Amino acid sequence: MTSGSYGGKVVVVTGGSSGIGAAVVGRFAREGASVVIGYNRGAHEADYLKEELEATGTPCVAVKADVSKTRELEQLMDRAVDRFGRIDVLAACAGISHFGSLSTLTPEAVDHVFAVNTRGQLLAAQHAAERMTAGGRIILTSSNATRRAVFEHGLYAASKAAIDAMVRCLSVELGPRGITINAVAPGATATAMVANNAARYQPPGMNLSAEEWLSVSHALDRIATPDEVAGAYTFLAGKDAAYISGRTLPVESCVF
Ligand SMILES: NC(=O)c1ccc[n+]([C@@H]2O[C@H](COP(=O)([O-])OP(=O)(O)OC[C@H]3O[C@@H](n4cnc5c(N)ncnc54)[C@H](OP(=O)(O)O)[C@@H]3O)[C@@H](O)[C@H]2O)c1
């Protein structure tokens with residue numbers, strides 16, 4: 001048995017190649033878990049992370065899995081079981097952002113955002129749960145955008161609000177099997193997703209620089225680091241969260 005809180009546990013992370021997902025991979029690895037890094041476009045980043053972890057003794061595999069493709073999700077879970085014998089924890093971190101006015105939305109954009117952010121998480125939970133036994137933990141990724149009125153962000157917010165509803169209902173199905181399901185709802189976090197959209201989070205007409213806005217709009221004067229958010233995933237997967245299910249845990253200090 002490997003040492004650490006997650007010694008001997010097998011953790012699958014979708015979107016493990018960058019940002020919050022990569023920090024989640026790092027947290028579980030430091031706590032002794034065997035880790036399956038799911039990635040889509042970030043093959044290079046996933047391989048680099050895998051090599052880093054293997055160098056420090058973490059059993060690890062990187063698997064290409066576009067979460068909008070059901071077959072690839074199934075293959076991700078199968079690879080986890082083939083390589084490590086089972087799945088104890090799913091951390092579903094894969095996601096995409098979207099900004100756009102109502103008048104410019106296309107059906108294709110709506111379908112794609114929901115395919116990745118909503119269906120991708122629902123089916124990841126399904127395929128992971130099928131392979132879990134009592135004690136399994138499923139952690140999905142919502143957003144604080146579900147509770148804020150962010151300009152031209154309705155499609156993304158809707159795709160994430162579905163996650164809050166999903167974990168509430170699925171907890172009733174999975175509870176009798178001894179499996180918990182929860183979501184983490186990050187606020188703005190220093191990843192590529194925020195770097196690419198930083199100017200768009202402030203209300204129209206407020207002409208602060210992205211840095212000024214992100215500072216004044218947070219009680220702690222700054223946005224979160226990926227590692228600070230990742231701590232919520234290891235918490236929800238751990239013994240201290242054994243009686244929490246069907247809930248969404250905010251990790252943010254947003255004041256508006
Ligand atoms: N950053 C924030 O402020 C913030 C706030 C609230 C919620 N979130 C949520 O947190 C999660 C992580 O976001 P992040 O900030 O870390 O963004 P990020 O750095 O852009 O990372 C996004 C991750 O999702 C993966 N991904 C995207 N499309 C995918 C697909 N079709 N199939 C599989 N993987 C896919 C990417 O994989 P590849 O690079 O390999 O393609 C990447 O690993 C997302 O669900 C996001 O909505 C973020």
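Each ligand, and each atom within it, is numbered from 1 in the order the structure gives. No experiment lies behind these values; they were computed from the predicted model shown.
- Under a 4.0 angstrom heavy-atom cut-off, T14 registers as lying outside contact with ligand 1.
- Within the 4.0 Å heavy-atom shell around ligand 1 one does not find K69.
- For S142, the heavy-atom gap to ligand 1 drops under 4.0 angstrom.
- For atom 25 (C) of ligand 1, the nearest non-hydrogen atom of the protein is G15 CA, 3.8 Å.
- Heavy-atom contacts of S17 reach the following atoms of ligand 1: 37 (O), 38 (P), 39 (O), 40 (O), 42 (C), 43 (O) (cutoff under 4.0 Å).
- Summary of contacts: the protein heavy atom closest to atom 18 (P) of ligand 1 is S18 OG, 3.7 Å.
- Taking atom 32 (N) of ligand 1 as the reference point, the nearest protein heavy-atom neighbour is V67 N, 2.9 Å.
- What sits closest to atom 41 (O) of ligand 1 on the protein, heavy atoms only, is R41 N, 2.7 Å.
- Scanning both residues, A241 and F235, for their nearest heavy atoms gives CB-O, 3.2 Å.
- Residue-level proximity to ligand 1 for I96 is carried by the side chain, the only part with a heavy atom below 4.0 angstrom.
- T189 and T191 share no side-chain donor-acceptor pair at under 3.5 Å.
- In terms of protein heavy-atom proximity, atom 6 (C) of ligand 1 is closest to P186 O, 3.2 Å.
- Summarising the hydrophobic clusters (Ile, Leu, Val, Met, Phe, Trp, Tyr; side-chain heavy atoms under 4.5 Å, direct or chained), the residues clustered with I223 are F99, V150, V194, Y201, M206, L208, W213, L214, V216, V255, F256.
- When each atom of ligand 1 is checked for a heavy atom of I20 under 4.0 Å away, the hits are 10 (O), 16 (O), 48 (C).
- I181 contributes atom CD1, which lies 4.5 Å from atom CG of L140 (distance to the nearest 0.5 angstrom).
- Looking only at protein heavy atoms, the nearest one to atom 45 (O) of ligand 1 is K160 NZ, 2.9 Å.
- The contact set between ligand 1 and G42, taken as ligand atoms under 4.0 Å from a residue heavy atom, comprises 38 (P), 39 (O), 40 (O), 41 (O).
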Practice task
Decide yes or no on side-chain contact (heavy atoms from CB on, under 4.5 Å) for V81 and I87, but give the supporting numbers first.
Solution key: CA-CA 6 Å; V81 175; I87 298 171; 4.1 Å; yes
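- Scanning all heavy atoms of the two residues, the minimum distance from D78 to R131 falls at OD1-NH2, 2.8 Å.
- The proximity of A65 to ligand 1, defined as any non-hydrogen pair under 4.0 Å, is limited to the backbone.
- We find the CG-CZ distance between L174 and R137 to be 11.5 Å, quoted to the nearest 0.5 Å.
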Exercise for the section: In sequence, state the C-alpha distance, the side-chain angles, and the governing distance for H127 and L90, and then conclude on side-chain contact (heavy atoms from CB on, under 4.5 Å). Expected result: CA-CA 10 Å; H127 292 302; L90 166 68; over 6 Å; no
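- Atoms of ligand 1 found under 4.0 Å from any heavy atom of Y39 (numbered from 1 in listed order, with element): 40 (O).
- For ligand 1, one of its N or O atoms has an N or O atom of T189 under 3.5 Å away.
- For ligand 1, none of its N or O atoms has an N or O atom of S143 under 3.5 Å away.
- Only side-chain heavy atoms of T191 come within less than 4.0 Å of ligand 1; its backbone N, CA, C and O stay farther off.
- The V194 neighbourhood of ligand 1 comprises atoms 1 (N), 2 (C), 3 (O), with distances under 4.0 Å to a heavy atom of that residue.
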Exercise for the section: Give the intermediate values and the outcome of side-chain contact (heavy atoms from CB on, under 4.5 Å) for residues R222 and S253. Expected result: CA-CA 9 Å; R222 63 174 179 85; S253 76; over 6 Å; no
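- Ion pairing of R27 with E31 is absent here, as no side-chain N (NZ or NE/NH1/NH2) approaches a carboxylate O to less than 4.0 Å.
- Among all heavy-atom pairs drawn from S171 and S245, the shortest one is CB-OG, 3.4 Å.
- Under 4.0 angstrom from ligand 1, the non-hydrogen atoms of T141 all belong to its side chain.
- Residue V116 has no N or O atom closer than 3.5 Å to an N or O atom of ligand 1.
- Residue contact check for ligand 1: G187 places a non-hydrogen atom closer than 4.0 Å to it.
- Within ligand 1, counting atoms from 1 as listed, the ones closer than 4.0 Å to a heavy atom of Y156 are 6 (C), 7 (C), 8 (N), 9 (C), 46 (C), 47 (O).
- When the options G95, G19, A94 are ranked by their closest heavy atom to atom 22 (C) of ligand 1, first place goes to G95.
- Looking at T58, its side chain never comes within 3.5 Å of a backbone N or O of C60 through a donor-acceptor pair.
- Close contacts between ligand 1 and A188 involve ligand atoms 3 (O) [criterion: under 4.0 Å to a heavy atom].
- With a 4.0 Å cut-off on non-hydrogen atoms, E45 does not touch ligand 1 at all.
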Practice task
List the steps, then state whether side-chain contact (heavy atoms from CB on, under 4.5 Å) holds for L170 with L122.
Solution key: CA-CA 10 Å; L170 293 180; L122 181 59; 3.9 Å; yes
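- Of the residues listed (V116, I96, L123, N40), the one engaging S68 in a side chain to side chain contact (heavy atoms under 4.5 Å, CB included) is V116, and it is the only one.
- In terms of protein heavy-atom proximity, atom 13 (O) of ligand 1 is nearest to M193 CE, 3.8 Å.
- Other residues, nucleotides and ligands contribute at most 12 non-hydrogen atoms within 6.0 Å of the CZ atom of R247.
- For atom 31 (N) of ligand 1, the nearest protein heavy atom (residue, atom name, distance) is D66 OD1, 2.9 Å.
- Separating the NZ atom in K64 from the NZ atom in K69 is a distance of 5.5 Å, to the nearest 0.5 Å.
- Within 6.0 Å of CZ on R41 lie no more than 12 heavy atoms contributed by other residues, nucleotides or ligands.
- Contacts with ligand 1 closer than 4.0 Å are made by backbone heavy atoms (N, CA, C, O) of C93 only, the side chain lying farther away.
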